[in-house]
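Beneath this line is the structure, given in structure tokens, with notes to follow.
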Amino acid sequence: MTPRYNFAFLDEDTKRMLRRALLKAVAIPGCQIPFGSREMPLPYGWGTGGIQVTAALLGPDDVLKVIDQGADDTTNAVNIRRFFARVAGIATTERTAEATLIQTRHRIPETPLREDQILVFQVPEPEPLRTLEARETETRTLHALADYGLMHVKLYEDIARYGRIATSYDYPVLVDGRYLTSPSPIPKFDNPKLDHSPALMLFGAGREKRIYAIPPYTRVESVAFEDHPFDVQQWDERCALCGSGESYLDEVVVDDRGTRMFVCSDTDFCSQRTEAQA
Amino acid sequence: MNALLKVRTLGHRYGQRVGCEDVSFDLYPGELLCIVGESGSGKSTLLNTLAAQLAPTSGSVRYRQRDGAWLDVGSLNEADRRRLARQEWGFVTQNPRDGLRLNVSAGANVAERLMALGERHYGRLRNIARGWLERVEIDPARIDDMPADFSGGMQQRLQIARTLVTHPRLVFMDEPTAGLDVSVQARILDLLRRLVHELDLAAVMVTHDLAVARLLAARTMVMQGGRVVETGLTDQILDDPQHPYTQLLVSSVLTT
């Protein structure tokens, strides 16, 4: 641990401000709460929102896991994990089951989460209506009035153009029957895991300065049409490493002749299964 | 017959400047009222104040809802104002690109108001959108085309379909045919006349074109400097104008 920094990098007043925003976010599920986002020692888009939420939550006994697209060993994940090991001196892990706090970019782990775990999402664009309505004053009014017809305009366009709802990540959800919420760019494969999750889910958007939350056991529905219901991705292949047929698979090009293989995006899930088979 | 809209001494000021002042009239179901006047005479300000897009600085607008209850439009909160504007009213802008959503297809434009009202069945939305495109004389095969690929006249007809799809009782139109060439104008006016009759709409239309008033409206209001200077049956006003300004307006129409 580097002693020149306050525990977990941020000063205590900033952490208090963040915790207030977090409490408010948990009290109003799915509602975007503004907060005073700080400059962090990594660029916007690399998880400045998530890292601030994590910093506000970490205690000395916490065990931190960081994933990026499901993987523990990519640049973003390794850097953030090392950052907190340095400035907070906390234990880190790659095992989902051992972690108390998981910061994630664009995935929810395959291993089911428990009540004593918190999942922190890095969010690039917290506003699900943004692509359809550029004015922040207007989107705020739409949220206040629960006026969400616009979202279906987008889904309508999808079906009209592609014959099905082509939105495959950042698929909008309605939290607790009230707030339309962006689940951050997780694949829609992970959307069902948001519904009635035992773990607390927190979302931090650093550049947009917004925090929102899905508290444990909250109803989360993915929006859809009656005659085009919500469904998740499916693969004909199985994971080439562990043989899993029920996890989210990444398609990897392995040579310059177009040979492909499918592997689990969740590296921890995959390696545990491989170990168990060995 | 009961009025649909009662307007009393309505006015809107932009700071010290007068937008419109002391306007009073009743509008009945099925009636089309034209507001004519030169640029800057307060026509559009009046229209926007009537449609609750601007807050009145004096006077009142009252609207009779489907259930017969009177609603004071000036004192509505934002939620009720939007509900009213979406369910019972329509607004057609002069420039169709202001009233349309240009980044989604024609079908989505027509269906948007229905989705906002809670329709969640794609197939039904599609059928209704096709039906409306046909009614405004756009080939239903173009349902998935972008409005930006449409001609100006088609865009305006698309905007009309998008506005009327929820069967509003009252429509506000701000120079819907300005900026279109004469033959296209005639076609749209024809269409409007037919739809107003078919749907038993009441409408308030702003125009600077007296020929439009003659063709569509039973009643016309002439505005100058923010005030109504003359009001009455359209034919009466155009054939026998009383106010000097109306006389000037009528005599300055070009005839070929």
Side-chain angles (χ1 to χ4, degrees), chain A residues 28 31 125 127-168 170-175 177-180 188 191 219-231, chain B residues 52-53 76-87 90 97-130 132-133 138-149 158-159 161-163 165-166:
Chain A
I28 318 172
C31 181
E125 175 51 80
E127 179 51 69
L129 299 168
R130 180 64 71 235
T131 48
L132 294 148
E133 178 52 66
R135 289 167 296 175
E136 174 72 16
T137 47
E138 180 64 16
T139 51
R140 269 196 233 184
T141 312
L142 293 177
H143 280 297
L145 301 174
D147 187 352
Y148 295 138
L150 205 52
M151 198 68 243
H152 278 84
V153 173
K154 180 167 189 268
L155 300 183
Y156 173 99
E157 270 307 274
D158 262 11
I159 304 174
R161 256 188 242 175
Y162 308 106
R164 65 197 161 83
I165 298 178
T167 306
S168 60
D170 209 354
Y171 193 104
V173 293
L174 198 64
V175 176
R178 175 59 180 84
Y179 279 96
L180 187 74
K188 67 177 177 180
N191 271 21
R219 185 159 53 96
V220 179
E221 308 153 68
S222 306
V223 297
F225 281 108
E226 287 162 20
D227 47 348
H228 282 85
F230 173 79
D231 62 342
Chain B
Q53 297 191 349
L76 286 180
N77 62 30
E78 179 70 9
D80 287 338
R81 193 188 66 74
R82 284 182 182 234
R83 185 191 56 78
L84 193 68
R86 180 191 299 149
Q87 289 186 6
R97 291 178 286 286
D98 294 338
L100 291 172
R101 208 171 272 289
L102 287 178
N103 52 359
V104 297
S105 66
N109 268 291
V110 177
E112 178 176 346
R113 272 164 72 109
L114 293 168
M115 290 189 256
L117 290 179
E119 175 65 63
R120 295 287 180 263
H121 192 282
Y122 177 77
R124 277 203 295 271
L125 288 167
R126 213 61 195 159
N127 284 335
I128 297 173
R130 268 204 206 93
W132 268 98
L133 288 180
I138 297 174
D139 181 2
R142 301 201 63 178
I143 186 169
D144 292 333
D145 289 359
M146 290 290 161
D149 300 339
L158 182 63
Q159 191 192 185
R162 164 187 163 89
T163 307
V165 67
T166 49

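Residue numbers start from 1 in every chain, and the chains themselves are labelled A, B, ... in the order their sequence lines are given, proteins ahead of strands. Any value given below was found using the heavy atoms of this structure, including those in side chains, with hydrogens, waters and symmetry copies removed.
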* Asked: Are A:K154 and B:E112 close enough for a salt bridge, meaning some N to O gap below 4.0 Å?
  -> no

Relative to chain A, which of [options] shows the most heavy atom pairs under 4.5 Å?
| options | result |
| --- | --- |
| B:G118, B:G107, B:A111, B:G123 | B:G107 |
| B:R86, B:R83, B:E119 | B:R86 |
| B:R113, B:E78, B:R126 | B:R126 |

Over all atoms of both residues, closest heavy-atom pair of [X] and [Y]:
| X | Y | answer |
| --- | --- | --- |
| A:F225 | B:H121 | CD2-N, 4.1 Å |
| B:R101 | A:L132 | NH1-O, 3.2 Å |
| B:I143 | A:Y156 | CD1-OH, 4.0 Å |
| A:D227 | B:R120 | OD1-O, 4.3 Å |
| B:R82 | A:L145 | CD-CD1, 3.3 Å |

* Asked: Any side-chain heavy-atom pair from A:E226 and B:R124 closer than 4.5 angstrom?
  -> yes

* **Residue B:N103 versus chain A: region with a heavy atom under 4.5 Å** => both

Examine whether an atom of [X] lies under 4.5 Å from a heavy atom of chain B, and if so say whether it belongs to the side chain, the backbone or both; otherwise answer neither.
| X | result |
| --- | --- |
| A:T141 | side chain |
| A:L155 | neither |
| A:H228 | side chain |
| A:I165 | neither |

* Asked: To the nearest 0.5 Å, what is the distance between CD1 (A:I159) and CG (B:L125)?
  -> 9.0 Å

* To do: Tell me yes or no: between the side chains of A:E157 and B:S105, is some donor less than 3.5 Å from an acceptor?
  => yes

